[in-house]
Amino acid sequence: MTHRKIVSIDGGRAEYWRQRKLGFLLIHEAEWALSRLNRAPMYLHGGYDENGDVIAIENLRPYADMEDAILAIEANETAVSILVAQRRTKIGDYEVKAVIRELKDRDRD
């Protein structure tokens with residue numbers, strides 16, 4: 001037996017619009033993190049060693065920011081429902097697993 005969560009849409013409630021605004025904000029933040037990731041340098045300058053060679057430090061912050069943004073979307077039911085409605089399972093190359101699971105469950109029914 002399939003259990004579906006019935007989502008009530010009450011456009012007159014401030015809470016409904018607050019949740020929608022937050023959901024879209026999380027999606028926008030993930031898109032912005034992807035943009036920063038695509039523009040970010042791969043390495044940062046870390047100084048010089050005793051031979052005068054550059055010590056390169058790998059720039060991992062943009063990757064961590066992107067992963068955090070995807071996790072924030074997956075933790076927000078409204079953001080997931082927005083992406084499900086758009087049938088959008090990825091932001092860039094990053095899969096939103098909660099959306100994929102929801103779409104598979106819907107397609108199975």
Side-chain angles (χ1 to χ4, degrees):
M1 182 166 141
T2 302
H3 297 284
R4 290 185 183 246
K5 182 176 181 187
I6 306 298
V7 177
S8 134
I9 298 174
D10 184 358
R13 285 185 40 227
E15 178 63 19
Y16 170 81
W17 291 110
R18 188 192 67 73
Q19 291 173 356
R20 301 296 290 178
K21 186 176 181 179
L22 177 60
F24 279 107
L25 176 67
L26 291 171
I27 294 166
H28 178 73
E29 286 177 355
E31 291 166 341
W32 181 244
L34 177 65
S35 173
R36 287 190 316 268
L37 174 66
N38 290 334
R39 292 188 325 263
M42 189 175 287
Y43 295 98
L44 303 173
H45 185 276
Y48 298 95
D49 65 10
E50 63 278 351
N51 298 324
D53 296 326
V54 173
I55 299 171
I57 298 173
E58 194 171 3
N59 186 13
L60 298 177
R61 183 79 250 159
Y63 295 95
D65 290 346
M66 186 64 196
E67 290 172 10
D68 289 346
I70 295 296
L71 290 174
I73 288 173
E74 290 183 337
N76 185 282
E77 187 176 327
T78 304
V80 170
S81 71
I82 291 166
L83 293 175
V84 166
Q86 296 174 349
R87 300 191 71 79
R88 188 172 169 196
T89 59
K90 291 183 175 184
I91 296 180
D93 290 334
Y94 288 79
E95 290 184 340
V96 184
K97 291 181 175 63
V99 174
I100 293 169
R101 280 192 304 271
E102 183 66 28
L103 288 172
K104 282 183 181 177
D105 288 346
R106 287 184 181 191
D107 290 343
R108 196 176 311 138
D109 293 337

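The two atoms that bring A72 and L26 nearest to each other are O-CD1, 3.8 Å, heavy atoms only. N59 and P41 get closest at one heavy-atom pair: ND2-O, 3.0 Å. Summarising the geometry of A33 relative to A69, their closest heavy-atom pair is CB-CB, 4.4 Å, with the distance given to 0.1 Å. When every heavy atom of V80 is checked against every heavy atom of A98, the shortest pair comes out as CG2-CB, 3.9 Å.
Under the 4.5 angstrom side-chain criterion for Ile, Leu, Val, Met, Phe, Trp and Tyr, L60 has no cluster partners at all. Think of W32 as one node in a network of Ile, Leu, Val, Met, Phe, Trp and Tyr side chains linked at under 4.5 Å; it has no links at all. Counting Ile, Leu, Val, Met, Phe, Trp and Tyr side chains that sit under 4.5 Å apart, directly or through other members, M42 shares a hydrophobic cluster with Y43.
Cluster membership check: W17 does not share its hydrophobic cluster with F24, using side-chain heavy-atom separations under 4.5 Å among Ile, Leu, Val, Met, Phe, Trp and Tyr. Side-chain heavy atoms closer than 4.5 Å link hydrophobic residues (I, L, V, M, F, W, Y) into clusters, and following such links, possibly through other members, connects I27 to L103.
Applying the side chain to side chain contact (heavy atoms under 4.5 Å, CB included) test to T78 and every residue at least two apart in sequence or in another chain returns Q19, R20, N76, S81, I82. Under the side chain to side chain contact (heavy atoms under 4.5 Å, CB included) criterion, E102 pairs with V84, R106, not counting sequence neighbours. Under the side chain to side chain donor-acceptor pair (under 3.5 Å) criterion, E31 pairs with R88, not counting sequence neighbours. R18 is linked by a side chain to side chain donor-acceptor pair (under 3.5 Å) to E15, counting only residues two or more places apart in sequence or in another chain. Scored by the side chain to side chain donor-acceptor pair (under 3.5 Å) test, E29 finds no partners at all (sequence neighbours excluded). Residues passing the salt bridge (Lys or Arg N to Asp or Glu O under 4.0 Å) test with R101, sequence neighbours excluded: none. With sequence neighbours excluded, the residues that form a salt bridge (Lys or Arg N to Asp or Glu O under 4.0 Å) with R87 are D107.
Contact check for L83 versus Q86: side-chain heavy atoms found under the 4.5 Å cut-off. Within the 4.5 Å cutoff, the side chain of L37 has heavy atoms near those of the Y94 side chain. Two residues are said to be in side-chain contact when any heavy atoms from C-beta on lie closer than 4.5 Å; E74 and V96 meet this criterion.
Here the straight-line distance linking atom CD1 of I91 with atom CD1 of I70 works out to 4.5 Å at 0.5 Å rounding. Separation of atoms CG (D105) and CD1 (I100) is listed at 12.0 Å; rounding is to 0.5 Å. Atom CD1 in I57 sits 6.5 Å away from atom CG in L44 (nearest 0.5 Å).
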*Using the side-chain contact (heavy atoms from CB on, under 4.5 Å) rule, take T89 and E95 through it: C-alpha gap first, then chi angles, then the decisive distance, then the call.*
CA-CA 6 Å; T89 59; E95 290 184 340; 6.0 Å; no

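Each salt bridge (charged side-chain N to carboxylate O under 4.0 Å, His left out) pair with one or both residues in residues 45-62, not counting sequence neighbours, appears once here: R61-D65, R61-D68. Sorted by first and then second residue, the pairs that involve residues 46-72 and meet ring pair (Phe, Tyr, Trp, His ring centres under 6.0 Å), not counting sequence neighbours, are H45-Y48.
In this structure, N38 places its CG atom where more than 12 heavy-atom neighbours from other residues, nucleotides or ligands lie under 6.0 Å away.
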